Amino acid sequence: MSSDSSHNVSYLDYKGRWKGKITSWIFSTDHKKIGVLYLFSMLILFSIGVLFGFLMRLELIAPGKTIMEPQMYNSIFTLHGIIMIFMFIIPGLPAIFGNFFLPLLIGAKDVAFPRLNLLSWWLFMFGSLLAILSVFLPGGPVDTGWTFYVPYSVRSTTNVFPALIAAFILGFSSILTGLNFITTIHRMRVQGMTWFRMPLFVWSLYATSWIQILATPIIGITLLLVVMERAFNIGIFDPSLGGDPVLFQHLFWIYSHPAVYVMIIPAMGIISEIIPVFARRTIFGYKFIAFSSIAIALMGSLVWAHHMFTVGMSPTAMIIFSVLTFLVAIPSAIKVFNWVATLYKGSIQLDPPMLYALGFIFLFSIGGFTGLIQGALSVNIHIHDTSFIVAHFHYVMFGGTGFGIFAALHYWFPKMFAKSYNMKTAKFSFWTLFFGFNVLYFPMFVMGWLGMPRRYYDYLPEYHIYHFISTIGSWIVVIALVAMFANFIVALRKKEKFTEENPWGGETLEWKTSTPPPLENFDIEPVVDSHPYEYKMNEPDQDLLKEEGTK
Amino acid sequence: MSQVNEQTIGHVHRDDEATRIGMWLFLFTELLLFGGLFIAYAVYRYLHPHEFMMAGKELNSFLGALNTVILLTSSLTMALSIAAIQRNKKNLSIFLQVLTLILALGFLINKSFEWSIKFSHGIYPGSETLLAKGSGEILFYGLYYTMTGLHAIHVVIGMIIIGVMTLFTIKGTINSGNNVRLESAGLYWHLVDLIWIFLFPLFYLIL
Amino acid sequence: MSEQTKKHHSPSYSIYIFVWLFLLVLTGVTVAVAGINLGKMTLAIALLIASIKSYFVLTIFMHLKFEDRMFRIFVFVALFFLAISLILLFSDYSFQ
């Protein structure tokens, strides 16, 4: 076992052999520090992405040129997509909260391969910096859209090359994280932590990691092929060399659609953690939620071509993919019903994490239902590549995954940093964000339905009102985000330590160690002898029924 | 495991099974990396069956078959070297690892020979001779150079890994009780072999 | 979780050599069959032989036969993912 010196040392204070403050962070193999490194690097990248989105909306406030040229606009929406998707939403939850909390939740000291874990962070930083650098290199920022569709990505004279390499490196980083998590979950669960006693966030990470491992290499090789095609004029996708551009789209979406589930499944895991804690009830249908994560991962791999209904696929393929797309809604709906059933007759506390969780359910449901609308073949032809799609995936990605990340941040922030944030500001920023979000994205559904194409720089006057409202919404969202981040920054700068072990009254293992967690997570190795969400106070339905009866 | 922690925490339990799981998962990513290419091959072959056959006949199936035999034999020596170290036969294991390296080098020499013949005939990506051919043949050679090239890179990586393992074996850090690293290197090497098992008939033997 | 790390005793040298010889024979068969024109069957036979070869590399050289069942499930999942991608892709190409 450990020597005494490492006991009771907070991970925040432990420096190891590194003397400097910065080196003790960026060379640390402690999963908690790596999680925090990811948190800060990703929040910076997220802010850059928000800035690009804000500028894009500002340009669209009125028809014609407002603040930038069309070429700049193309680059900005491309960079907004690349940053938000490859650097924030895909890796966000696993890399930040998976790293920090997966070992804590299963009672382990660290992940299975700590040095590999540090390597993934370095790869992530390297890839991100390369992508950012591509903006400033001669040639101009990449303008292909985040999807890098050929043949334009083979011919564009902008810096497609560094952007492709960056995406490849980010994919590699994500693969290593997935590999680490699967091994950790298989080998490092503490005594008594059987598969069905694992917290649901762990289940969601397990499903996610498998997608990362199996699907990411496909996009890796696809992007490499485009690199080869640009560099050596090798004939693969370029139609002038006999290639089939639609094959690129197939290969691209074989990864990128499952990647959508890499984004959303861990967020669903977070929600499954938060809901029982703040409803003071055990989770309803634990096994259904656990297996629905696996089912989503599996079925999500079979629906990629619903992004391509207008490229001229065979009718057989279109029908198959449309049917499969409808089927994915089943496991997603299972989760939503189970969360709502958990809330039923719970004693609900509307603290900030719970607000974000409820916000998630609401916005994700809208995003999910509009997804079904697009899954229908005939409707898809009508709304394909309109801002209806943009609204849909922002409801799922931002309203879903984004809110999931914020929920996790509000839920675990006190544990991670031993600081408490201001509850009122947190609630204020939630409501502002929730309101601004809907003002920003809901008009896009309407104008998309009316025919406003996505990614367009200019538009007809009849869409003006919707664009105008949407841009106002973007300002509200920015105000909310500034308030939220300011709240956290103020909290971090506070002198006073917050050392309460279990502020929300959670039952999972991370609440059974000190705040902040010691270097090796637990001073005494925990023993697990029950399910993760057993709330003794008013857990079984029968107790609730009796209370009802006495009233 | 981590050097940082080792200083204060001391002994960390070694988990060979975790290493094996991690290695297999990594192999899956390699498998699917090539899988994407095999998918592209399948589609283009389906779209241009005749031109693929024409182009395939141009490849030297003798050199291909020779490389298959070399790679299969190197897989054998690699597997035997692991069996040897587990039976505590250090020198035999080192000998077999070096033999694996020599065979791998032979594979690469053979491959470069084959590529240079193609180059001397003016068939390389972007060349005029190639671009004058039909689109199916351009695609065939595009995939041929990409897939065998990527495979060759994997052979080089495998050689570096095995070389390091040989050094570890000589130093004694890989021994009869602790050889999971050599085993992982072996898994990687067999995967390289596995991919070649499919590349060979798909490129050299289509008639 | 089982704490004991299983002793990994690999099979005897002779099994490896036997498998190697078998793989060489199969390689010879592939080359020989490719010389005969069997039409569309040629590709199917070549792939079948390649699959048999991979099976032996996976089970014997890569020790899958002697590992925990979990590893075989893993391999199945990975191959299944690849296969299903290919099949669904051809629902497009083969019906065009």
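Naming convention: chains lettered A, B, ... in sequence-line order (proteins, then strands); numbering from 1 in each chain. Bear in mind that the values here come from a model prediction, so they are computed numbers and not experimental data.
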With rounding to the nearest 0.5 angstrom, report the [atom1] to [atom2] distance, [X] to [Y].
X	Y	atom1	atom2	answer
A/Ile218	C/Leu82	CD1	CG	6.0 Å
A/Trp304	C/Leu89	CH2	CG	5.5 Å
C/Asp92	A/Met308	CG	CE	6.5 Å
C/Phe90	A/Ser314	CZ	OG	11.5 Å

Can you check side chain to side chain contact (heavy atoms under 4.5 Å, CB included) on A/Leu214 and C/Val77, steps first, answer last? CA-CA 9 Å; A/Leu214 295 179; C/Val77 168; 3.8 Å; yes

Side chain, backbone, both or neither of [X] within contact of chain C (heavy atoms, under 4.5 Å):
X	value
A/Leu298	side chain
A/Ile320	side chain
A/Ile213	neither

Near A/Phe196 CZ, under 6.0 Å, is it more than 12 heavy atoms from other residues, nucleotides or ligands? yes

For C/Met70, does the CE atom sit with more than 12 other heavy atoms under 6.0 Å from it, leaving out its own atoms? yes

Contact class of C/Phe81 relative to chain A, heavy atoms under 4.5 angstrom: side chain

C/Phe74 side chain near A/His186 side chain, heavy-atom distance below 4.5 Å: yes

Give me the ring orientation class for A/His250 and C/Tyr93: parallel if the planes are under 30° apart, tilted from 30 to 60°, perpendicular past 60°.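 If you compare the ring of A/His250 with that of C/Tyr93, the planes turn out tilted.
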
Working note: C/Leu88 + A/Ile254, criterion side chain to side chain contact (heavy atoms under 4.5 Å, CB included); need CA distance, chi angles, decisive distance, verdict. CA-CA 10 Å; C/Leu88 280 174; A/Ile254 285 178; over 6 Å; no

I'd like to verify something: which residue of A/Leu324, A/Leu302, A/Leu251 has the highest number of heavy-atom pairs under 4.5 Å with chain C? A/Leu302

